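Here the structure is a predicted model, which means the values were calculated and not measured. Chain A is the first sequence line, chain B the second, and so forth, proteins listed ahead of strands; every chain is numbered from 1.
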There are 2 protein chains.
Amino acid sequence: MENKREIFHVLTRRFGLLNKNCCSVGGFDISTVQSHILYEIDKQNTPSMQQIAETLAMDITTFSRQIQTLVKMELVKKTPSSQDKRVSLLSLTTQGKFVATSIDHSMNAYLDEVFSHLNEFERETVIRSLQLLNEAMSKSSVCCTPLY
Amino acid sequence: MENKREIFHVLTRRFGLLNKNCCSVGGFDISTVQSHILYEIDKQNTPSMQQIAETLAMDITTFSRQIQTLVKMELVKKTPSSQDKRVSLLSLTTQGKFVATSIDHSMNAYLDEVFSHLNEFERETVIRSLQLLNEAMSKSSVCCTPLY
DNA sequence: TTTATTTACTTGCAAATTGCAAGTATTGTT
DNA sequence: AACAATACTTGCAATTTGCAAGTAAATAAA
């Protein structure tokens, strides 16, 4: 299979599957989108709604409602900014942090299992290549603009 | 970023974006899922519903309805099998074939643009690595089982 | 051959997700 | 002070999803 599209088609689907079966942690049933949101909140330093929505290239209204859900689940906390009262700053609750960490662990475990089918050299090459691909996509004008 | 999860998180999101902005062809507005369905029908030889649904790891009921939509759009044709009257064989209409081909072209163009940010050596390494990754995922027990 | 089981789908909800339009506060700008 | 811009939030309405339950045909068992 020399065809790039073919490779990406399969890869996309597989990533979807990987992301799907990763997100049930201690009674919580987290959707893929929600796990991405938790991940980004965890990574950034008390970000605003806008920030995360833009990073994930999500519509702000959809994002707003997802956050409402996550707040109800007591995984995310919304704090009004003292600087700018329009802004809500996002952070993980203790529970949220726990869930995010758990997902991170299981995702890494999944990935380790996947990579165990490669030898050391291949593993390193693949990782390096994915980084290169990420960089290429970030430079691309046709897609993938956010997610710096 | 040595963290595998980080890499996959970003890559997953970027793939999502790439897949999203690829699918408006001549008046038709194709969703990502639908483009994947068209792709697989085109690839396989008059497959059954089950076959495609399984390949794409989709719930058969969801799939059934997606096919109904695609049939209404006159992109897909459903032919009852003469061998087994329970089975519906899927094929692309002329229009469907055209749409599938157009999407394929534009996806490849997007990918070419992305890869243009790499040099020849990197390009080949990355492609080869993605193939390796696909193989590793196909061997994995934790995910990605269909999509042989 | 009749009866039961499995297979290949299709429909009935009911819930979740999405995005555009329109609205509410704030904040910044003439 | 008046107007525009920003950071969200709500009102739909369409789409998508999956489990349960149903139909019809094929296969296995009695």
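Looking only at atom types and distance, the side chain of B:His117 has no donor-acceptor partner in the side chain of B:Glu122 under 3.5 Å away.
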Please list every donor-acceptor pair under 3.5 Å in which a side-chain atom of residues 57-64 of chain B meets a protein atom from a residue at least two apart or in another chain.
from    : atom 1 : to      : atom 2 : distance (Å)
B:Asp59 : OD1    : B:Thr61 : N      : 2.8
B:Asp59 : OD1    : B:Thr61 : OG1    : 2.5
B:Asp59 : OD1    : B:Thr62 : N      : 3.4

In residues 86-95 of chain B, what donor-acceptor pairs under 3.5 Å come from side-chain atoms, sequence neighbours left out?
from    : atom 1 : to      : atom 2 : distance (Å)
B:Arg86 : NE     : B:Asp84 : OD1    : 3.0
B:Arg86 : NE     : B:Asp84 : OD2    : 3.4
B:Arg86 : NH2    : B:Asp84 : OD2    : 2.7
B:Thr93 : OG1    : B:Glu74 : O      : 2.7
B:Thr93 : OG1    : B:Leu75 : O      : 3.3
B:Thr93 : OG1    : B:Gln95 : N      : 3.4
B:Thr93 : OG1    : B:Gly96 : N      : 2.9

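Residues meeting the salt bridge (Lys or Arg N to Asp or Glu O under 4.0 Å) test with B:Lys97, sequence neighbours left out: B:Asp42. Listed by chain and number, the residues in a ring pair (Phe, Tyr, Trp, His ring centres under 6.0 Å) with A:Phe28 amount to none (sequence neighbours excluded). Partners of A:Gln34 under the side-chain contact (heavy atoms from CB on, under 4.5 Å) rule, at least two apart in sequence or in another chain, are A:Ile30, A:Ser31, A:Gln66, A:Thr69, A:Leu70. Applying the ring pair (Phe, Tyr, Trp, His ring centres under 6.0 Å) test to B:Phe8 and every residue at least two apart in sequence or in another chain returns A:Phe15. For the side-chain contact (heavy atoms from CB on, under 4.5 Å) test, residues two or more places apart in sequence or in another chain that qualify with A:Glu120 are A:Arg123, A:Glu124.
Atom CG in B:Leu90 sits about 12 Å away from atom C1' in C:dA8, given to the nearest Å. In this entry the distance linking CZ of A:Phe63 with P of D:dT6 reads 19 Å, nearest Å. Regarding A:Gln50, its CD atom lies at a distance of 16 Å from the P atom of D:dA5, rounded to whole Å. As a whole-Å value, the separation of A:Asp59 CG from D:dC12 C1' is 14 Å. B:Ile37 places its CD1 atom 15 Å from the P atom of D:dT15, with the value rounded to the nearest Å. When rounded to the nearest whole Å, the span between CG of A:Leu89 and P of D:dC8 equals 8 Å. Between the CE atom of B:Met58 and the C1' atom of D:dC19 there is a distance of 15 Å, given to the nearest Å.
The stretch residues 64-76 of chain A comes close to DNA chain C through A:Arg65, A:Gln66, each having a heavy atom under 4.0 Å from the strand.
Proximity of A:Ser48 to the phosphate of D:dC8: a side-chain N or O atom is located under 4.0 Å from OP1 or OP2. Residue B:Lys78 places at least one side-chain N or O closer than 4.0 Å to OP1 or OP2 of C:dT10.
Separation of atoms CD1 (A:Ile103) and NE2 (A:His36) is listed at 9.5 Å; rounding is to 0.5 Å.
The A:Ser88 side chain lies nearest to D:dC8 when the options are D:dC8, C:dC9, C:dT17. Ranking C:dT10, D:dG18, C:dG19 by closeness to the B:Thr62 side chain, first place goes to D:dG18. Nearest nucleotide to the side chain of A:Ile60, out of C:dT10, C:dT18, D:dT9: D:dT9.
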If you restrict it to nitrogen or oxygen atoms, what contacts under 3.5 Å exist between nucleotides 25-28 of chain D and the protein, and what is each distance?
from   : atom 1 : to      : atom 2 : distance (Å)
D:dA26 : OP1    : B:Lys85 : N      : 3.1

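For D:dC19, its base sits under 3.5 Å from the side chain of B:Thr61 at one donor and acceptor pair at least.
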